[in-house]
Number of protein chains: 2
Amino acid sequence: MAAERSGGGDPARTLALLWRRPPEPKPVGRKPKVSVDQIVTAAVAVADREGLGAMSMARVAQELGVGTMSLYTHVPGKAELIDLMADTVLQERDLTPEGGWRERVKHYADRTRAVYQAHPWMRDVSMVRPPLGPGLMDGQEFVLAALADSGLEPRQVTVAHVAVEGFVHGAAASEVDDQQLAATTGESGDSWWGARQVFWDDYFDVERYPAMTALWNAGAYDTEGTLADTITSSFDYGLDKLLDGIEGGMR
Amino acid sequence: MAAERSGGGDPARTLALLWRRPPEPKPVGRKPKVSVDQIVTAAVAVADREGLGAMSMARVAQELGVGTMSLYTHVPGKAELIDLMADTVLQERDLTPEGGWRERVKHYADRTRAVYQAHPWMRDVSMVRPPLGPGLMDGQEFVLAALADSGLEPRQVTVAHVAVEGFVHGAAASEVDDQQLAATTGESGDSWWGARQVFWDDYFDVERYPAMTALWNAGAYDTEGTLADTITSSFDYGLDKLLDGIEGGMR
DNA sequence: CCCCATTTCCGTAGGCCATACGGAAACAAT
DNA sequence: ATTGTTTCCGTATGGCCTACGGAAATGGGG
């Protein structure tokens with residue numbers, strides 16, 4: 001399915017929800033059975049367990065023991081709920097400003113990666129028109145402050161920021177993709193690749209792919225760790241090299 | 001919606017489709033009204049125009065003037081169709097091995113980016129358990145050959161490969177997200193941000209976000225180009241710095 | 001105590017989706 | 001013309017989001 005995202009909903013309403021500005025206390029009328037926080041928490045729980053595809057309004061309502069349509073009293077729609085979910089889990093990053101600028105950027109990357117690990121459905125949430133809530137904004141401030149401390153020119157800071165942000169979210173997403181698929185399809189990555197052994201037997205052409213063959217013969221793929229370990233170390237390696245490049249470009 | 005992907009379908013069947021190994025000519029029986037190629041082409045056309053979310057089996061069948069269920073004679077299911085679509089558009093890259101290893105990696109990045117530009121729905125296709133077809137494999141061979149020429153150790157080549165691949169696909173995905181959203185929601189990125197002017201007026205806290213405020217005041221965000229231009233130059237910048245880092249790490 | 005404005009709850013229904021099943025239709029060989 | 005084989009596709013099931021409108025709960029005023 002396509003990436004989930006907030007749409008044309010009233011920005012003012014969505015922002016008020018993101019920053020938890022209650023519309024104002026209601027002196028009369030029926031008492032709410034559920035709150036926005038409860039809805040978001042339940043939605044996150046469902047998505048954590050069964051993926052974003054399983055996070056339907058009906059499923060969340062069931063989780064809370066209320067009717068499906070009751071949710072729409074508190075939340076404009078599914079897209080806005082996903083925005084709330086994303087900003088909420090981004091707040092879990094708990095960023096502590098310690099060390100030099102490089103340490104802080106790596107800290108940011110690690111914390112963000114941890115969010116994706118804990119909430120694999122974040123892979124399916126687009127971040128180009130992000131939820132402008134505290135979770136996202138605090139993160140932006142943190143990286144920008146770190147990059148600004150590096151000595152880059154202001155204009156360069158913004159360019160480097162987009163590059164770092166893209167790398168972190170992209171790498172975290174692909175790192176998490178595998179476990180998300182394992183969870184939703186019930187098949188592990190290793191098992192998936194194992195079932196495709198046929199490919200190497202019946203389709204791989206040594207003459208068409210000399211570089212891959214050479215690397216294979218050189219033992220480049222004789223790794224002990226699991227697939228997940230390989231991806232993780234590549235994540236660290238890539239960020240390191242990216243920061244090396246940024247640092248080197250300043251001189 | 002969650003990322004679309006091929007599932008537990010019979011790998012042998014899917015591989016045969018990807019590499020276009022026809023099951024064997026049928027001497028008797030009713031003549032097919034449509035071919036696999038026609039189905040894939042129609043599906044790509046629909047997804048290009050209306051996004052992967054609109055690419056339903058019914059929609060594709062309608063496009064071809066056949067019944068929905070007829071498609072299932074030629075393709076096991078929707079997941080496998082998406083695999084075929086992805087591998088097909090990846091074949092459009094037309095990679096020419098010219099220049100040094102850096103030029104070739106950048107060439108690969110540019111061609112891959114072009115695929116995402118032409119087919120924004122690729123953002124929604126997971127690449128951790130990729131379609132093992134010619135489109136993907138030829139690309140892998142190309143980058144691996146380039147990286148192997150850089151002088152890195154074989155083990156290092158594979159690590160760098162994952163980092164580069166992650167960056168390229170991640171950056172291309174985020175670069176394309178905006179236009180995909182513009183296409184499916186009918187609202188441009190600039191219009192979207194404009195509607196969120198309220199945020200800066202009512203929610204942005206100068207004291208909470210000093211680094212952002214300082215950058216703003218320093219004119220770091222006074223760019224002439226569009227949002228898309230900014231993202232593109234950050235893409236180039238990021239890849240450059242990543243390759244700088246990889247190159248520097250060899251010495 | 002009753003009434004009523006106000007607010008929340010939620011059943012129904014419409015219009016999408018993927019795909020299992022099984023029969024109808026087309027075709028080649030006999 | 002019959003038969004075997006293959007493709008085509010109508011129907012049905014069970015899911016999804018959410019517009020609509022009425023039922024139920026609540027607190028205040030008479």
Side-chain angles (χ1 to χ4, degrees), chain A residues 1-2 4-10 13 22-36 38-39 42-43 46-47 50-83 85 124 184-185, chain B residues 1-10 13 22-39 42-43 46-47 50-83 85 124 184-185:
Chain A
M1 82 181 96
E4 298 281 358
R5 52 166 355 284
S6 153
D10 178 19
R13 171 94 192 270
E24 82 211 43
K26 307 286 167 53
V28 299
R30 187 172 178 167
K31 293 278 178 261
K33 249 167 110 175
V34 287
S35 67
V36 172
Q38 284 174 352
I39 293 173
V46 171
E50 305 167 41
L52 198 59
M55 196 286 289
S56 67
M57 297 303 270
R59 187 76 187 67
V60 172
Q62 187 191 31
E63 191 88 356
L64 292 167
V66 300
T68 307
M69 292 313 293
S70 302
L71 304 186
Y72 287 89
T73 305
H74 308 281
V75 164
K78 194 187 185 185
E80 289 83 354
L81 175 54
I82 292 174
D83 272 356
M85 293 167 65
D124 299 319
T184 55
T185 68
Chain B
M1 86 178 93
E4 299 281 359
R5 51 162 359 279
S6 151
D10 178 19
R13 171 94 191 270
E24 81 211 42
K26 307 284 166 55
V28 298
R30 186 172 177 169
K31 293 273 177 268
K33 248 166 111 176
V34 288
S35 66
V36 171
D37 282 323
Q38 285 174 353
I39 293 173
V46 170
E50 304 166 42
L52 199 59
M55 197 286 288
S56 67
M57 297 302 271
R59 186 77 187 67
V60 172
Q62 186 190 33
E63 191 88 356
L64 292 167
V66 299
T68 307
M69 292 314 293
S70 303
L71 304 185
Y72 287 89
T73 305
H74 308 280
V75 164
K78 193 187 185 185
E80 289 84 354
L81 176 54
I82 292 174
D83 272 357
M85 293 167 65
D124 299 319
T184 55
T185 68

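Chain letters run A, B, ... following the sequence lines, proteins first and then strands; every chain starts at 1.
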As a test of reading the structure: which of D/dC8, C/dC9, D/dG4 is closest to the side chain of A/V34, going by heavy atoms? C/dC9
Nearest to the side chain of A/Y72, which nucleotide is it out of D/dT26, D/dT18, D/dT6? D/dT18
Give, for atom CD of B/E63 and atom CD of B/Q38, the distance between the pair rounded to the nearest 0.5 Å. 12.0 Å
Could you state the atom-to-atom distance from CD of A/E50 to P of D/dG15 in whole Å? 13 Å
Can you tell me how far P of C/dA25 sits from NZ of B/K33, to the nearest Å? 13 Å
B/G29 or B/V66, whichever maps to the more 5' nucleotide of DNA chain D: B/G29
Atom pair CZ (B/R59) and OG1 (B/T68), whose distance is rounded to the nearest 0.5 Å: 11.5 Å
Please tell me which of the listed nucleotides, C/dT8, C/dC10, D/dC17, lies nearest to the side chain of A/S70? C/dC10
Check the distance between C/dC9's P and A/Q62's CD and give it to me in whole angstrom. 18 Å
To the nearest 0.5 Å, what is the distance between CG on A/L52 and CD1 on A/I82? 4.5 Å
Over how many whole Å does the gap from B/M57 atom CE to D/dG15 atom P extend? 21 Å
Nearest to the A/M69 side chain among C/dT12, C/dC9, C/dA26, which nucleotide is it? C/dT12
Regarding A/V75, tell me which of base, sugar-phosphate or nothing describes its non-hydrogen contacts under 4.0 Å with the strands shown. nothing
Tell me whether the side-chain N/O atoms of A/K31 come closer than 4.0 Å to OP1 or OP2 in D/dA24. no
pair A/H74-A/P32: side-chain heavy atoms closer than 4.5 Å: yes
Heavy atoms from C-beta onward define the side chain here; which of D/dG27, C/dT19, C/dC9 lies closest to that of A/R30? C/dC9
Determine the contact category for B/S56: base if any of its heavy atoms lies under 4.0 Å from a base atom, sugar-phosphate if only primed atoms, P, OP1 or OP2 are that close, otherwise nothing. sugar-phosphate
In whole angstrom, what separates A/M55's CE from D/dC17's C1'? 11 Å
Minimum-distance nucleotide (side-chain atoms of B/A58 versus C/dT8, D/dC17, C/dC17): C/dC17
Would you mind reading off the distance between B/L64 atom CG and D/dC9 atom C1', rounded to a whole angstrom? 14 Å
Options C/dC9, C/dA28, D/dC17, nucleotide nearest the side-chain atoms of A/K78: D/dC17
For DNA chain D, whose closest nucleotide is more 5', that of B/L71 or that of A/R59? B/L71
Separation of D/dT7 atom C1' from B/I39 atom CD1, nearest Å, is 12 Å
Only counting residues at least two apart or in another chain, list the ones meeting salt bridge (Lys or Arg N to Asp or Glu O under 4.0 Å) with B/R13. none
